[in-house]
There are 2 protein chains.
Amino acid sequence: MNIGDVSTRTGLPAKTIRYYEDIDLIKPLRDDNGYRRFRDQDVHKLNFLGRARALGFTIEDCRTLLALYEDETRASADVKRVARDHLAQIETKIADLKAMRDTLSHLVDACAGDDRPDCPILQDLGGKS
Amino acid sequence: MNIGDVSTRTGLPAKTIRYYEDIDLIKPLRDDNGYRRFRDQDVHKLNFLGRARALGFTIEDCRTLLALYEDETRASADVKRVARDHLAQIETKIADLKAMRDTLSHLVDACAGDDRPDCPILQDLGGKS
DNA sequence: TCTTGACCTTCCGGTCACTGGAACCCCCAT
DNA sequence: ATGGGGGTTCCAGTGACCGGAAGGTCAAGA
């Protein structure tokens, strides 16, 4: 299978697939003409990566998870730790964003949004004190 | 005031302040020795920028907001639009992160986290079907 | 047979908002 | 004179790609 087919199948852009090869996440074969030739295992790995990335894991996490996936003797505790740490980061991000949202939505609500210059949003940013 | 003092006062790293000058968000004066000399208005702008960045506005948004801040004839509607758009993006991000969190926390809960290899997290990523 | 167009290749630069580090200058106290 | 703690510029790197240029390959149609 060529990169275009793999791209269609996995939903990953060809650019991304090449990038993943570049950083040694996958190692497709090469045809005589230099084209990448993807085996089923490559496609499988790419799907794995796509799902892991969709869950927000970093590329380095993905590398770790992929290694664990391929290691029959892994301990699920190792997988769980990676996932739990990532989950914690997500929770933190959500909390940060919520704080921003709360502040912002108050400000947006307080702003008349007409053609006059008075604006509580700018007042706040300017250090309204 | 030199950059170190401004950094202390605003809580922004000196590197960041130099960067903001680089991209023309602020224009501090220069002393004869080449040192930046910050006026109160520069510090004020930096505080504005710090607060706007803390609310997650992009640098370009900050530039826009700063321009509106300085424009006595602005319409608050313009400010509100920027803020509302940004708020929408935050909401989207929160929703995305929540979806990730929900999926992930289910998986983490389902994983034994012991020394055995069986792991629902990897099963899911591998396309458990 | 030639050509068209859809593929594929590599490589370089850009994104965003900084951050780290090197190499250097300046000023004040000892 | 020396040392230390400022300051300066410039270059490179971050993460996870994306866009585009310049060129090679292949199958189908005129």
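Each chain gets a letter, A, B and so on, in the order the sequences are listed, and its residues count up from 1. Values in this document were obtained by computation on a predicted structure and should not be read as measured data.
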TODO: Could you state the atom-to-atom distance from CG of A:Asp22 to C1' of D:dA16 in whole Å?
DONE: 12 Å
Task: Atom-pair distance (CG on A:Asp61; C1' on D:dG15), nearest Å - done: 13 Å
- [ ] Give one of base, sugar-phosphate or nothing for B:Arg36, where a contact means two heavy atoms less than 4.0 Å apart.
- [x] sugar-phosphate
Open item on the list: Under a 4.0 Å threshold between the charged nitrogen and the carboxylate oxygen, would B:Arg63 count as salt-bridged to B:Glu60?
Closed with: yes
Open item on the list: Could you tell me how far apart A:Leu25 (CG) and D:dA16 (P) are, to the nearest whole angstrom?
Closed with: 10 Å
TODO: Mind listing the closest non-hydrogen atom pair of A:Pro120 and A:Ala110 along with its distance?
DONE: CG-O, 3.3 Å
Task: Atom-to-atom span, CZ of B:Phe38 to C1' of D:dG6 - whole angstrom - done: 14 Å
Open item on the list: Applying a 4.0 Å non-hydrogen cut-off, can you work out what A:Ile3 is touching in the nucleic acid: base, sugar-phosphate, or nothing?
Closed with: sugar-phosphate
Open item on the list: Strictly below 4.0 Å, N to O, side chains only: are A:Arg39 and A:Asp42 in salt-bridge contact?
Closed with: yes
Task: Nucleotide range of DNA chain C lying under 4.0 Å from chain A heavy atoms - done: C:dC7 to C:dC11
TODO: Report the C-alpha separation of B:Arg81 and B:Asp78 in whole Å, then their side-chain angles, then the decisive distance to 0.1 Å, and conclude whether the salt bridge (Lys or Arg N to Asp or Glu O under 4.0 Å) test is met.
DONE: CA-CA 5 Å; B:Arg81 187 179 24 257; B:Asp78 291 338; 2.6 Å; yes
TODO: Return the value, rounded to whole Å, for the distance between atom CG of A:Asp5 and atom C1' of D:dA27.
DONE: 14 Å
Open item on the list: By the 4.0 Å heavy-atom rule, please label B:Arg30 as base, sugar-phosphate, or nothing.
Closed with: sugar-phosphate
Open item on the list: A side-chain contact here means heavy atoms from C-beta on lying under 4.5 Å apart; do B:Phe38 and B:Asp5 qualify?
Closed with: no
Open item on the list: If I take atom CD1 in residue A:Ile59 and atom P in nucleotide D:dG13, what distance separates them, rounded to the nearest angstrom?
Closed with: 19 Å
Task: Whichever of B:Asn33 and B:Glu60 has its nearest DNA chain C nucleotide further upstream toward 5' - done: B:Glu60
- [ ] Report yes if a donor N or O on one partner sits less than 3.5 Å from an acceptor N or O on the other, where the partners are the side chain of A:Tyr35 and the base of D:dG24; otherwise report no.
- [x] yes
Open item on the list: Is the phosphate of D:dG15 approached by A:Thr58 (side-chain N or O, under 4.0 Å from OP1 or OP2)?
Closed with: no
Task: Euclidean distance, atom CG of residue A:Asp32 to atom C1' of D:dC26 [Å, nearest integer] - done: 14 Å
Open item on the list: Return whichever of B:Gly4 or B:Lys15 has its heavy-atom-nearest nucleotide of DNA chain D closer to the 5' end.
Closed with: B:Gly4
Task: Whole-Å distance separating the CD1 atom of A:Ile23 from the P atom of D:dG15 - done: 10 Å
Open item on the list: At 4.0 Å (heavy atoms only), tell me whether B:Tyr20 reaches a base, stays on the sugar-phosphate, or touches nothing.
Closed with: sugar-phosphate
TODO: Could you tell me how the ring of A:His44 sits relative to the ring of A:Tyr69: parallel (under 30°), tilted (30 to 60°) or perpendicular (over 60°)?
DONE: parallel
- [ ] Flag the pair B:Arg30 / B:Arg37 as yes when at least one side-chain heavy-atom distance between them is below 4.5 Å, and no otherwise.
- [x] no
